[in-house]
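The next block holds one structure in the form of structure tokens; read it before the comments.
Just so it is clear, the model here is predicted, and its values are computed rather than measured. We name chains A, B, ... by the order of the sequence lines, and we start the count at 1 in each one.
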There are 2 protein chains.
Amino acid sequence: MITMSNFLAIDAGGTSTRAVLVDASGHCFGYGTAGGGNPVSRGIGPALEALVAASERALSGTGAFPSQVLIAMAGASLELPLNSYYDSFSALGLTGNVVIESDLLAAFYSGTFHDDGIALIAGTGAVGARITESHLAEVADGTGWLLGDMGSGFWLGQEVARAVAAALDGRGPATALTPLVMKELDIAFDLQDRTLGRLRAQQQLINKVYERSAIELSRFAPLVFAAIDDPVAQDIIQRAAAALAQTLVAISDGAETDATTMPLVFGGSVLTKGGTVAAAVLEKFAEARGQRLAEPTLVHDGVVGSAVMALKRHGITVDAGVFDRIQKSLSELRD
Amino acid sequence: MITMSNFLAIDAGGTSTRAVLVDASGHCFGYGTAGGGNPVSRGIGPALEALVAASERALSGTGAFPSQVLIAMAGASLELPLNSYYDSFSALGLTGNVVIESDLLAAFYSGTFHDDGIALIAGTGAVGARITESHLAEVADGTGWLLGDMGSGFWLGQEVARAVAAALDGRGPATALTPLVMKELDIAFDLQDRTLGRLRAQQQLINKVYERSAIELSRFAPLVFAAIDDPVAQDIIQRAAAALAQTLVAISDGAETDATTMPLVFGGSVLTKGGTVAAAVLEKFAEARGQRLAEPTLVHDGVVGSAVMALKRHGITVDAGVFDRIQKSLSELRD
């Protein structure tokens, strides 16, 4: 096995990194994890350290050396110092090259081995992509928390906080989200306690939100599901689904073949946990276009897809059998 | 005149500070400006320096000393180190006290001498207040750019940027705002140039927005008026007006007397420049409540109101004559 081609495939996320060692048949025989490996959010040094740590764990005890490395990450288009990446993996025994790929493709290939289709990811951020001949043909949203990421965890969390702020001064309806947010922020909720015309609870909400970084608003996202029968929470969910459906419409409209027959992959906690948002997205797409998309395959990260791409990018055909082998052998390693 | 009561009234804003010296009859006889005087946005030291600089300019050449100081500022509820404020003004010859008041009241009293009414301010932020017996009875919004400030300059600017981001990847309709934003950010707009499935123009929009601080999105607010015939711009304006009308509804619903007969003061560039948003806000309020509010008085800052409060807070009656004298004498000083 040591003399065969061994591919080290790495799914480098913002908060965690997964590395898998896979051979040309799709058999995964080493797996390791580490902290965030995205150079944009973590910085180049710490990100590379995480990649190496996850890789060392994947290689540990296998006696194998990687012949090729593939790293899937957001911001794959950025100018990365590939030299330092190459040097670090050479120290692990790398004999071939380091290739960087998009995390969107890794998510897509975690759900299918086909080279054409659609991926929609809604985690902290939200982005959709149409994949044609194994490449990103069209990307919609993924524009970040200030410009978009419509329907993402951040978006949901901000809408929850806004709905509560509005409920507290009468701009919006009372909502079951208010006591949940108050509890989350440890604020005593007293409708009588008012200073300078403002409820003390609202002033504390303001103080506590601006003490933290903006992106931490995503912590409130799960509350819409905790208050799922509340009309305000339901409205937020429906608007998130409408925005995500709009992203799907944008990327499917440009397809040369019928998008509704393409493989569809859903990723990210907003779409994969519970199923409420995912079902509403599909419903709203059908309303907008009069046709239903294929049943989506749910993926939880991009590690399977990184392994799929590591093989494909080196000319190895990944068919249903190889794809199945990657999934099953990796699943055993992860247990 | 030196032996009479002279009131130093200061309108301390986030980016500029105005100080006026006014006597008990409402005659303004000294005026000075300086940089931002808000301790929350500028820091306590620099903010206090700006207050003193504006005050020195107001006192310069008058031969007068302030017997009382009133400072109007946002965050008036914060725990301020009043001692250092007092020490600084003592150095300018202050014989009496320093009083801190809300900038919302200063804006209100810049438009009326009555002690009951409604103020709606939409500058970079947005806030509404009902004033009862000279105090803030109810405040709505003013919750900042992450939680609200709905219909503010920041809100408008963010909606412009979001609409352009959506137009560039097909999630939203094409809009005349796109070339305006591209020009503002010096981005070459080429619909053919695509990298990794994304228009290069959109990627540059993303890069340039996140390079800057979030609050700088407010720079795009004026573009909705530059593209006023564009349906997307028009929709943003209408949604801003609807949000501001909602704020008005919230603060007027709790009034014990009929809010529609109360003095109404509008401040901030979104409401005072052009008149499009102000007219739409009044229209939407009338639609929501079936009654029209009074014709609003437009105010451009809080310096008149600071002078009004300086007199009122020391037991001096401000009637139509005194109010008129403050406005006219200040206007001559500012020319």
Side-chain angles (χ1 to χ4, degrees), chain A residues 40 76-78 101-102 104-105 127-132 135-150 158 161-166 168-172 194-200 202-203 205-207 209-210 212 214 217 243 245-254, chain B residues 40 76-78 101-102 104-105 127-132 135-150 158 161-166 168-172 194-200 202-203 205-207 209-210 212 214 217 243-244 246-254:
Chain A
V40 178
S77 62
L78 294 172
E101 282 282 357
S102 156
L104 264 171
L105 283 175
V127 62
R130 196 180 72 251
I131 290 91
T132 303
H135 292 279
L136 293 170
E138 203 170 336
V139 172
D141 209 351
T143 56
W145 61 280
L146 280 173
L147 284 173
D149 280 5
M150 310 300 286
Q158 183 173 33
R162 287 186 166 199
V164 170
L168 288 172
D169 63 25
R171 285 175 296 125
R194 200 175 274 273
T195 309
L196 288 172
R198 196 187 284 288
L199 276 186
R200 195 172 141 79
Q202 193 192 43
Q203 187 60 53
L205 170 66
I206 296 170
N207 296 350
V209 163
Y210 292 96
R212 293 169 168 80
L217 283 174
Q246 198 59 40
T247 299
L248 276 181
V249 165
I251 52 178
S252 60
D253 276 1
Chain B
V40 178
S77 61
L78 294 171
E101 281 283 357
S102 156
L104 264 170
L105 283 175
V127 63
R130 196 179 73 250
I131 290 90
T132 303
H135 292 279
L136 292 171
E138 202 170 338
V139 172
D141 208 352
T143 56
W145 60 279
L146 280 173
L147 284 173
D149 280 5
M150 310 300 286
Q158 184 174 34
R162 288 187 166 197
V164 169
L168 289 172
D169 63 25
R171 286 175 295 124
R194 201 174 272 275
T195 308
L196 288 173
R198 195 187 284 286
L199 276 186
R200 195 172 142 77
Q202 193 193 44
Q203 187 60 55
L205 171 66
I206 295 169
N207 296 348
V209 164
Y210 291 96
R212 294 170 168 81
L217 282 174
L244 290 166
Q246 200 58 41
T247 299
L248 276 181
V249 165
I251 53 178
S252 60
D253 275 2

First locate atom CG of A:Asp149, then atom CZ of B:Arg162, and finally report the distance between them rounded to the nearest 0.5 Å. 9.0 Å
At a 4.5 Å cut-off on heavy atoms, which part of A:Leu205 comes close to chain B: side chain, backbone, both, or neither? both
Give the member of A:Gly170, A:Ala161, A:Ala140, A:Gly144 that has the highest number of heavy-atom pairs under 4.5 Å with chain B. A:Ala140
Check: A:Asp141 main-chain N/O paired with B:Arg198 side-chain donor or acceptor under 3.5 Å: yes
Is it the backbone or the side chain of B:Leu217 that comes under 4.5 Å from a heavy atom of chain A, or both, or neither? side chain
Measure the CD-CG distance between A:Glu138 and B:Leu199 for me, rounded to the nearest 0.5 Å. 8.5 Å
Which residues pass the side-chain contact (heavy atoms from CB on, under 4.5 Å) test with A:Ala243, not counting sequence neighbours? A:Met150
Report which part of A:Arg194 has an atom under 4.5 Å of a heavy atom belonging to chain B: side chain, backbone, both, or neither. side chain
Between B:Leu196 and A:Val139, what is the shortest heavy-atom contact and its length? O-CG2, 3.4 Å
Hey, what do you get for CG (B:Asp169) to CD1 (A:Ile251), rounding to the nearest 0.5 Å? 9.5 Å
Counting heavy-atom pairs under 4.5 angstrom with chain A, the leader among B:Leu168, B:Leu136, B:Ile131 is B:Leu136
Max heavy-atom pairs within cutoff under 4.5 Å with chain A, candidates B:Ala137, B:Gly128, B:Gly148, B:Ala163, goes to B:Ala137
Test your reading of the model: is there a side-chain donor-acceptor pair from B:Gln246 to the backbone of A:Gly172, 3.5 Å cut-off? no
Heavy-atom nearest pair, A:Tyr210 first then B:Trp145, reads OH-N, 3.1 Å
So A:Thr143 and B:Arg171, side chain to side chain contact (heavy atoms under 4.5 Å, CB included) or not? Walk me through it. CA-CA 12 Å; A:Thr143 56; B:Arg171 286 175 295 124; 4.1 Å; yes
A:Ala129 versus chain B, the contacting section by heavy-atom distance below 4.5 Å: neither
Is there a side chain to side chain contact (heavy atoms under 4.5 Å, CB included) between A:Ile206 and B:Leu147? Walk through the geometry before answering. CA-CA 7 Å; A:Ile206 296 170; B:Leu147 284 173; 4.1 Å; yes
